[in-house]
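Values below: all heavy atoms of this structure, side chains included; hydrogens, waters and symmetry mates excluded. Source: prediction; values computed, not measured.
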Amino acid sequence: MLNKTFLSNIFVLDQEEALDFYVGTLGLEKRQDVDLGFMRWLTVGAPGDDRELLLEVPASPPYDADSAAKLRELVSKGAAGGTFFQTDDAAGTYEALKAKNVEFTDELTEHFYGTDMGIRDPFGNSLRISQLKSPEEIAAGPAPGEFGGPE
């Protein structure tokens, strides 16, 4: 049976621009950069984390031309899914990203599960960055009126 997630993808429209953003701006590491002939296999990952994120251009193969065009349109609208990152210093990360003129969709906010923020990559993808509380604090649930907590 399955025992580990090691790779996820995020659709990008330009791999060089994506590499600059995910490595240069967010501080991820470039892991693999391989020309497969029919595509460039480009992955990044957070330092110390063995999971990787494939920076994938929606194209043929594996997508037909019509599907690839629709995927590119969804990415541009921010409707192609979301990726979640974790940090040990939400406030510091927030200030560093503001200084780099990253587009925020949600400012730094305290929640019952921790502190988080929403940003977009240069292509429109939705990214969330969270500093999570302990499992015990999260299990206590939301405060009254927060995220469906009791009124």
Can you confirm whether [X] sits close enough to [Y] that some side-chain heavy atom of one is under 4.5 Å from a side-chain heavy atom of the other?
| X | Y | result |
| --- | --- | --- |
| Val12 | Leu42 | no |
| Leu26 | Leu127 | yes |
| Val44 | Arg31 | no |
| Glu29 | Val23 | no |

Enclosure of Lys70 NZ (heavy-atom neighbours >12, cutoff 6.0 Å):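 No - once you tally the heavy atoms of other residues, nucleotides and ligands closer than 6.0 Å, there are 12 at most.
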
Arg120 atom CZ: more than 12 heavy-atom contacts under 6.0 Å: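 Yes - once you tally the heavy atoms of other residues, nucleotides and ligands closer than 6.0 Å, there are more than 12.
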
Going only through I, L, V, M, F, W and Y residues with side-chain contacts under 4.5 Å, is there a path from [X] to [Y]?
| X | Y | answer |
| --- | --- | --- |
| Leu55 | Val34 | no |
| Ile10 | Leu19 | yes |
| Met39 | Tyr22 | no |

Step-by-step side chain to side chain contact (heavy atoms under 4.5 Å, CB included) determination, Asp50 to Lys4: CA-CA 11 Å; Asp50 63 347; Lys4 185 176 187 178; 2.4 Å; yes

Pair Thr109-His111, side chain to side chain contact (heavy atoms under 4.5 Å, CB included): steps then yes or no: CA-CA 6 Å; Thr109 306; His111 299 286; 3.6 Å; yes

Closer than 3.5 angstrom, by distance alone: can the side chain of [X] be matched with the main-chain N or O of [Y] as a donor-acceptor pair?
| X | Y | result |
| --- | --- | --- |
| Gln86 | Ser130 | no |
| Ser76 | Leu74 | no |
| Asp121 | Asn125 | yes |
| Lys133 | Tyr113 | no |
| Thr87 | Asp89 | yes |
| Thr43 | Leu54 | no |

Where Gln131 and Ala90 come nearest, the two heavy atoms and their spacing: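 Taking Gln131 first and Ala90 second, the nearest heavy atoms are OE1-N, 2.7 Å.
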
Least distance between heavy atoms, Pro58 atom then Ala68 atom: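 Taking every non-hydrogen atom into account, O-CB, 3.5 Å.
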
Selection residues 33-85 - residue pairs positive for ring-ring contact (aromatic ring centres under 6.0 Å, His included), sequence neighbours left out: Phe11-Tyr63

Side chains of Glu137 and Ser134, donor plus acceptor under 3.5 Å: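 Result is yes, a qualifying pair exists.
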
With Leu108, the side-chain contact (heavy atoms from CB on, under 4.5 Å) member among Thr93, Leu97, Thr115, Ile129: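 The residue from Thr93, Leu97, Thr115, Ile129 that satisfies side-chain contact (heavy atoms from CB on, under 4.5 Å) with Leu108 turns out to be Thr115.
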
Ring centroid separation Tyr94 to Phe104 under 6.0 Å: yes

Residue pair Arg128, Asp106: steps toward the side chain to side chain contact (heavy atoms under 4.5 Å, CB included) verdict: CA-CA 9 Å; Arg128 295 217 58 91; Asp106 291 306; 2.7 Å; yes

SB check Arg40 Glu56 (cutoff 4.0 Å): no

Note: Glu52-Lys30 ion pair, threshold 4.0 Å (strictly below): no

Gap between atom NZ of Lys77 and atom CZ of Arg72 - 0.5 Å precision: 14.0 Å

